[in-house]
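Note that the structure is predicted; figures quoted are calculated from it, not measured. Order of the sequence lines sets the chain letters (A, B, ...), proteins ahead of strands, with each chain counted from 1.
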Amino acid sequence: MFHSLERSISRAVSQYLQSKFDLEVPVTTEQPKQSSFGEVALPVAFQLARQLKKPPVAIAKDLADGLKDQIEGIAALEVASGYLNVRFHRGWYARRILEGNDFDTQELSIRKTIVEHTNINPNKAAHIGHLRNAILGDTFVRMMKAMGTRVEVQNYIDNTGVQVADVVAGFHFIEKKTAAEVAEIAKRPRFDYYCWDLYSRVAQMEEIKQWRGETIHGIESGHGPLSEMGHVVADAIVECHLNTMLRLGIQYDVLPRESEILHLQFWASCFEQLKERNAIYLETEGKNAGCWVMPGSAFRENAGEEDSKVIVRSNGTVTYVGKDTAYQLWKFGLLGKDFYYRKLRTYPNGQACYVSQSMREGSERAAFGGGTSVYNVIDSRQSYLQDVVAAGLRALGYDAQAEKSIHFSYEMVALSPRTCVELGIELSEQDKAKPYVEMSGRKGLGVKADDLIDQLIERAKTEVDSRHAEKPEDGRRKVAEQIAVCALRYFLLKFTRTSVIAFDLQEALSFEGETGPYVQYAAVRARNILRKVGAVPDFKGSLTEDMLDTELQTEDLWQLLLEISRLESVLAAAVTSGEPAALARYAFQLAQGFSRFYHDYRVLDEADEARRNVLIWMTQHFARQLEKTLNTLGIEVPEYM
RNA sequence: GCACCCGUAGCUCAGGUGGAUAGAGCAUUUGCCUUCUAAGCAAAGGGUCACAGGUUCGAGUCCUGUCGGGUGCACCA
């Protein structure tokens, strides 16, 4: 509601300026510093002061007089130190919300937006850095869907890369296992943990350099024991990752795999296009002799020869950038090729998740890719590579798509020194001096996602048990899980994308203050009130505009209603700026507002009927809007807390 | 060396396209459970928005420079 009224105000002002002064100026609105100034403030008079050669106060006065009674829902226009302050008609505003006219109708778009996120190398367990990626991506997807956008979620599986090769080399050269034996091990629980340890062991060995080449070659060839083992490892780890993510409510539509990019000649096709357009050339001298490279000038200003990026190695294999360029082309429907698909799993909510495959046999009808815009959720350390990929698109003449291929970047998750100590991680003198310590899969240094989730559940379970011993065990378990997921998602969402998270276990495990559970708690309390009220009457008949107006003269109530009605506005801004943290913060503010309300007003004990109805209605409206906000953040509201 | 990100309260962080007296949480101190659940509420202290210039009627926000910290700049991804 706030969103639409705010816009109608700025439209009215804009029209007035046009008709009276023949001026076309963007009219911005803002929230006044103090609520006593009203609901919306317009600093437009300051901008116009010079043009109109009049003091701001005079201009604002003119606007206030000229627009008096011209905008529906506005009770007063006031001038204060040059600002034009707007006061809403409280009863009108509330009544509009009550009637359900408070949303801007959004048509489901025909254009498809593709979001690629998670993208964990399928060679070890997921850690909290991966969680930031997946939770950011998943939440952004939910936000866009809430706005009516059609979204397809992809999780790219690099099943033929160096990281998988290293683990395969570990099984083959160190543990002397066959593919069949590895398949047996993979059936055990937490195979991803096993590989986590194996990977860090292998990665730190001297011999890995020799082993790696042989293994990659075997994997890329697509046949033979090493290739077979590569599939066994990668497929099993992908299952682990999907399970981990599902615990957090994160699901995917399709998993395009690198093995198919290679075997279905996606790269070959892309390679031809790049050569035709002279986007890459065969280097004949220098350190890159024998490689196909993209000149540095394509993606970097004042680049020299040394900035060129190798796309095809001298041994003929393709680098990640090359494969990713082919993948990007496919995402936009520009490759003229498609994968075959099979259903990998069906989620409990009925959604299917497909995975690519290279053969027609056994494939199922499914259509993916061909998006109009693409978001790649990838951490900021890879921005250089993303620039190269975008340059590849431009070099092929796809400037429009390069524009629409957005690197949805975020800073890394590192570990706080305190947490390193708690986890028994030994730090070098150099690391001790740092504000945070970067995680490293190679060193096996990090907090595993499932471990953290388990810890959060245990902690939540203890709290739930102490408060609700009378409830059945499985119910308490479920509540604890919901709280844990909420705490984790909120923790990783409350930081803006540009902020490095120095992960601190104690902070992450906290359920008080600015945390997810605090927000959930407010929602649960609201529900409790509504439950005790019983059948909530339809207030459309019983709450008139006048009654609402009278009750909402109480400032706290009015401020709470205003805050609740900002959801659409906040959501739109958060999607535009690509910042899920903005929505998370809003959820917290809403909860804060309600907690105060809960403390200050006794809804059930209210003697005055009109007031009681308003309080119940406010509670109901709050519950609805907060739940909508939480759902968009991927958070559920427990039965009790 | 070049590129990107960060620098705001003791700590962790917010501060839409510049606007009125810079905000939260944690921590500290102090109140509030006979109450719709205290995972809560209320109050207090705590600031040269790294620094210096510039643009502007107006700068935490934009520009330039300096100083700190981080991350990239592979025939790894």
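For A:Ser81, whose side chain is taken as the heavy atoms from C-beta onward, the closest listed nucleotide among B:rA24, B:rC13, B:rA20 is B:rA20. Comparing B:rC36, B:rG16, B:rU17 by their closest approach to the side chain of A:Tyr598 singles out B:rC36. Closest contact between the side chain of A:Asn121 and the listed nucleotides B:rA39, B:rA77, B:rG72 involves B:rA77. Residue A:Arg525 places its side chain closer to B:rG40 than to any other of B:rG70, B:rG40, B:rA39. The side chain of A:His599 lies closest to B:rC41, out of B:rU71, B:rC41, B:rA20. In this structure, the nucleotide among B:rA14, B:rA20, B:rG16 sitting nearest to the side chain of A:Thr29 is B:rG16. Comparing B:rA39, B:rA14, B:rA20 by their closest approach to the side chain of A:Pro32 singles out B:rA20. Here the side chain of A:Glu463 is nearest to one of B:rU12, B:rA39, B:rG70, namely B:rA39.
Across all strands shown, B:rG58 forms no Watson-Crick or G-U wobble pair with both key distances under 3.5 Å. Judged by Watson-Crick or G-U wobble contacts below 3.5 Å, the nucleotide B:rG10 has B:rC26 as its partner. Shown here, B:rU64 forms a base pair with B:rA52; the pair counts as Watson-Crick or G-U wobble because both key distances fall under 3.5 Å. When both distances must be under 3.5 Å, the Watson-Crick or G-U wobble mate of B:rC4 is B:rG70. B:rG40 and B:rC32 make up a base pair, with Watson-Crick or G-U wobble contacts both under 3.5 Å.
On the C1' atoms, B:rC32 is 44 Å away from B:rU17, given to the nearest whole Å. Separating the P atom of B:rU64 from that of B:rC4 is a span of 10 Å, rounded to the nearest Å. B:rU35 and B:rC41: their C1' atoms are spaced 13 Å apart (whole Å). Comparing the C1' positions of B:rG46 and B:rU61 gives a spacing of 24 Å, expressed to the nearest Å. Look at the C1' atom in both B:rC67 and B:rG25: the space between them is 30 Å, to the nearest Å. Nucleotides B:rA77 and B:rG72, compared at atom C1', are 13 Å apart to the nearest Å. Going from the C1' atom of B:rU28 to that of B:rC11 covers 12 Å, rounded to whole Å. Using atom C1' as the reference point in both B:rG58 and B:rG18, the two lie 8 Å apart (nearest Å).
When the side-chain nitrogen and oxygen atoms of A:Tyr518 are compared with OP1 and OP2 of B:rC41, one or more of them lie within a distance under 4.0 Å. Residue A:Tyr521 places at least one side-chain N or O closer than 4.0 Å to OP1 or OP2 of B:rA39. The side chain of A:Arg596 contributes an N or O atom lying less than 4.0 Å from OP1 or OP2 of B:rA42. Residue A:Arg381 places no side-chain N or O under 4.0 Å from the OP1 or OP2 atom of B:rC4. At least one side-chain nitrogen or oxygen of A:Lys532 sits closer than 4.0 Å to the OP1 or OP2 atom of B:rU37. Dashed line: the shortest gap from a side-chain N or O of A:Thr498 to OP1 or OP2 of B:rC6 is under 4.0 Å. In this structure, A:Asn528 reaches the B:rU37 phosphate: one of its side-chain N or O atoms is under 4.0 Å from OP1 or OP2. For B:rC4, the OP1/OP2 oxygens have no side-chain nitrogen or oxygen of A:Gln386 closer than 4.0 Å. Phosphate proximity of B:rA39 to A:Arg467: present, with a side-chain N or O under 4.0 Å from OP1 or OP2.
In this model, no side-chain donor or acceptor of A:Ser595 finds a partner on the base of B:rC41 within 3.5 Å. Side-chain atoms of A:Asn85 and base atoms of B:rA20 include a donor and an acceptor less than 3.5 Å apart. At a cut-off of 3.5 angstrom, counting only N and O atoms as typed in the model, there is a donor on one side and an acceptor on the other between the side-chain of A:Gln34 and the base of B:rU21.
Anti is the glycosidic conformation of B:rC32, whose angle departs from 0 by more than 90°.
Of the possible polar contacts, one joining the A:His127 side chain to the A:Gly129 backbone as a donor-acceptor pair under 3.5 Å is found. Judged by distance alone, with hydrogens and angles left aside, the side-chain atoms of A:Asn133 form a donor-acceptor pair with the main-chain N or O of A:Val377 at under 3.5 Å.
Both A:Ser577 and A:Phe511 lie near RNA chain B, and the one whose nearest nucleotide falls closer to the 5' end is A:Ser577. Projected onto RNA chain B by closest heavy-atom contact, A:Tyr384 and A:Lys323 fall at different nucleotides, the more 5' of which corresponds to A:Tyr384.
Ion pairing between A:Glu514 and A:Arg585 holds under the 4.0 Å rule for side-chain N and carboxylate O. Salt-bridge formation is not detected for the pair A:Arg611/A:Asp608: no Lys NZ or Arg NE/NH1/NH2 atom is positioned less than 4.0 Å from an Asp or Glu carboxylate oxygen. Electrostatic pairing of A:Glu463 and A:Arg467 counts as a salt bridge here, judged by a charged N lying under 4.0 Å from a carboxylate O.
A:Thr160 and A:Glu220 share no side-chain donor-acceptor pair at under 3.5 Å.
A ring-centre distance under 6.0 Å is found for A:Phe140 and A:Phe408. Note: A:Phe266 and A:Tyr327 fail the aromatic proximity criterion, with ring centroids not under 6.0 Å apart.
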